[in-house]
Colleague: 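The following block contains the structure, expressed as structure tokens.
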Amino acid sequence: MADIVAGGDAEFAVPKAFETPASREKRLFLVLPIFIGVISGLLVVCFRISIEWLRLGLLGKELHRGDWRLIAVPTVVGFVIAFLVEFVFPAARGSGLNQTKAAMYIHDGYISLRTMFGKLICTALALGAGYSLGPEDPSVQVGAAIASSVSRRFRLSSEKLRLFAPVGAAAGLAAAFNAPITALLFVIEEVVGNWNASVLGSVILAAISGDAVSRWYFGDAPLFRVPTLEIRDPRELGAYAILGIAGGLGALVFAWTLRQLRPRLAALPQWTRLVQPPVAGLLIGLIGFLGYPQVMGVGYETINQAIGGGMTWKLLLVLALLKMVATTLGFSSGTPGGMFAPTLFIGAMLGTAIGTLEQLWLPHLASSGLLGPIGSYALVGMGVFFAAFLRAPLTSVFLVLEVSGNYSLVAPVILANTVAYLVARSVDPVPIFEAFTREDGLDLPSMEEMREEERLHIEDALESSGERSDPSQTIAVLPANMPFKEALSAAEASPYADGVVLIRFADGSGYALGGEELEQLGACASPETAVGDLMPDQRLPLLYPDMPLDATLRHFARWPALLIRNRARATAMEGVLTEAEVLACFRSAEHG
Amino acid sequence: MRDALALGLLVAVTVGLFGATELYYVAYSHYRASLGLPIDNSPVITLPVVRRH
């Protein structure tokens, strides 16, 4: 019979087992992600259609230099966005990525529907009017907001409510990119930061559901089409490594400009928030008006042009630089919009420019087929910039493969992305979104630091205790068939103050106890009784050398020493650890 | 019972949203067609190369 919750009116007493049973939450954790994925997918579809509709309505079918609308539209729409963000949807500011992480780690996964609609409306207006931002990061927040609303309806525990935020985020990103694996990896790599997370299955379900809806409306063709690449000579990879170095340095420049402008604009008086977006819109429009309308809006069509080839390296480099300027202006002014699309744009332009230059400067390599098709440089450039700027190396690889549907690029992509990531990280260890988080006064967990964190394992403590300890100072391990009187003598001879010994049984299990407890257990027994027969049924926990060291700590509340066993042979012993030895291992790791 | 009601509501919202999205998509396709733009194979900003078959 279930326990009854104590206190309160008996009439309203709720059986404890039915309050929030674990099995109910587990079932909901499998069912709700599908609905969250479908609803997020539908909203993202409407969002993407809205962006295009607004773009066609506000700027026309094609953007031409010298068209007055290129200046007027972003300026006027900038005023509308500034008003909406300042007075109606104040939480809609920013890209949506940090807000999703903040929801997960600070607000129990809560994102209001008002914020979600604000983000959808303001971002659609901004992108439709030509602001140089992207729709993907806002889609992450839209998905997280749907997850928050749905999970709250089912009155789940706080822990589960928190975990639903990344589930929705994956659905939103999968629908926006048409790339479910990328969405899964990004959410685990950058939002959750833990591959052992119990949320993994739900994230997969939501990402696939969101992507299925997106494909239902927009088809299953990849975002970009790239010719198949065949690596004929390993030296070809050198060209991609150069691209990795250039991309890493380019990402550092982009991050630097954002870090310079964003805090300066944020420090201006409050009233300037009403003029910052229109001024940014005016300047972005001016770039388009003066001859480079390609930098306006999301820019996927220009990426496709670059992949197709035919653009000069000078134009490509100019577009990459101007896109950095335009995105810095738009993002720093507080206009809602994401950084994914601009990152891909800059990477594609930079990659294509470097590919074109390599073909120009090394014609003998190009003619002998040692340089890949120009489209492959555009694609690898996208991955390179994504890895170096957003510091998501694993996601960057799958992003490139999924948005192109081309797996022949895997070797160059891995090489170039790794080079770019290492270059960027060695110069600036703080990722850009983490810098933004700190500027905003939030203290969210750093995924970069979590990746670098060296986790200690039980084997480390065994090793360090083996190096340090004198064999005469180790805990005596006694066989269970040893007579009680001999065990007592061993306990008295123990170098430890409380006479700790460890009794081992034939099946490999053990029982650790102090001399006092041993005396009490054997008080009524004959001195010849086997000490194992005096022990209670309880046994030491099963611990193995590959387990995390912190897993041992909670057991020291009950046991004076722990037995470390061998996974292959149950009866074999790897060692014995005391609390002091474990703490000494943590201390030595802390001091290098 | 509370879960069943909430799930029923969720299904209703999902179906309703499907209907609304379909109408929005059709209306947008008409708008594109009125501009002389192809409705099946022409990315403008965020859409992939091939639209719904």
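Model, not experiment: these values are computed from the prediction.
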Colleague: Which atom pair, heavy atoms only, marks the closest approach of Y217(A) to Y25(B)?
Modeller: O-OH, 3.4 Å

Colleague: Go through L17(B) and V38(A) one step at a time and tell me if the side-chain contact (heavy atoms from CB on, under 4.5 Å) criterion holds.
Modeller: CA-CA 10 Å; L17(B) 200 55; V38(A) 171; over 6 Å; no

Colleague: Locate the shortest heavy-atom distance separating Y24(B) from I49(A); write the atom from each residue and the value.
Modeller: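 Smallest heavy-atom distance, with atoms named: CE2-CG2, 3.9 Å.
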
Colleague: Rounded at 0.5 Å granularity, tell me how far CZ in R153(A) sits from CZ in R2(B).
Modeller: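 So the CZ of R153(A) and the CZ of R2(B) are separated by 11.5 Å.
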
Colleague: Quick check for you: to the nearest 0.5 Å, what is the distance between I39(A) atom CD1 and T21(B) atom OG1?
Modeller: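 Those atoms lie 10.5 Å apart.
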
Colleague: What is the minimum heavy-atom distance between K61(A) and L35(B), and which atoms define it?
Modeller: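 Closest approach of K61(A) to L35(B), heavy atoms only: NZ-O, 2.9 Å.
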
Colleague: Go through the steps to decide whether E22(B) and W216(A) satisfy the test side-chain contact (heavy atoms from CB on, under 4.5 Å), and finish with yes or no.
Modeller: CA-CA 11 Å; E22(B) 189 64 34; W216(A) 169 262; 4.2 Å; yes

Colleague: Would the number of heavy atoms belonging to other residues, nucleotides or ligands and lying under 6.0 Å from OH of Y292(A) be above 12?
Modeller: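 Counting neighbours around OH of Y292(A), 12 or fewer heavy atoms of other residues, nucleotides or ligands fall under 6.0 Å, so no.
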
Colleague: Do you know which two heavy atoms are closest between L42(A) and T14(B), and how far apart they sit?
Modeller: CD1-O, 4.0 Å

Colleague: If I compare all heavy atoms of F35(A) with all of L7(B), which pair ends up nearest, and what's the gap?
Modeller: CE1-CD2, 4.2 Å

Colleague: Would you mind checking which part of S50(A) comes under 4.5 Å of any heavy atom in chain B, side chain (CB onward), backbone (N, CA, C, O), both or neither?
Modeller: both

Colleague: With only heavy atoms counted, which part of V403(A) is less than 4.5 Å from chain B, the side chain, the backbone, both or neither?
Modeller: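 Answer is neither: V403(A) stays 4.5 Å or more from chain B.
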
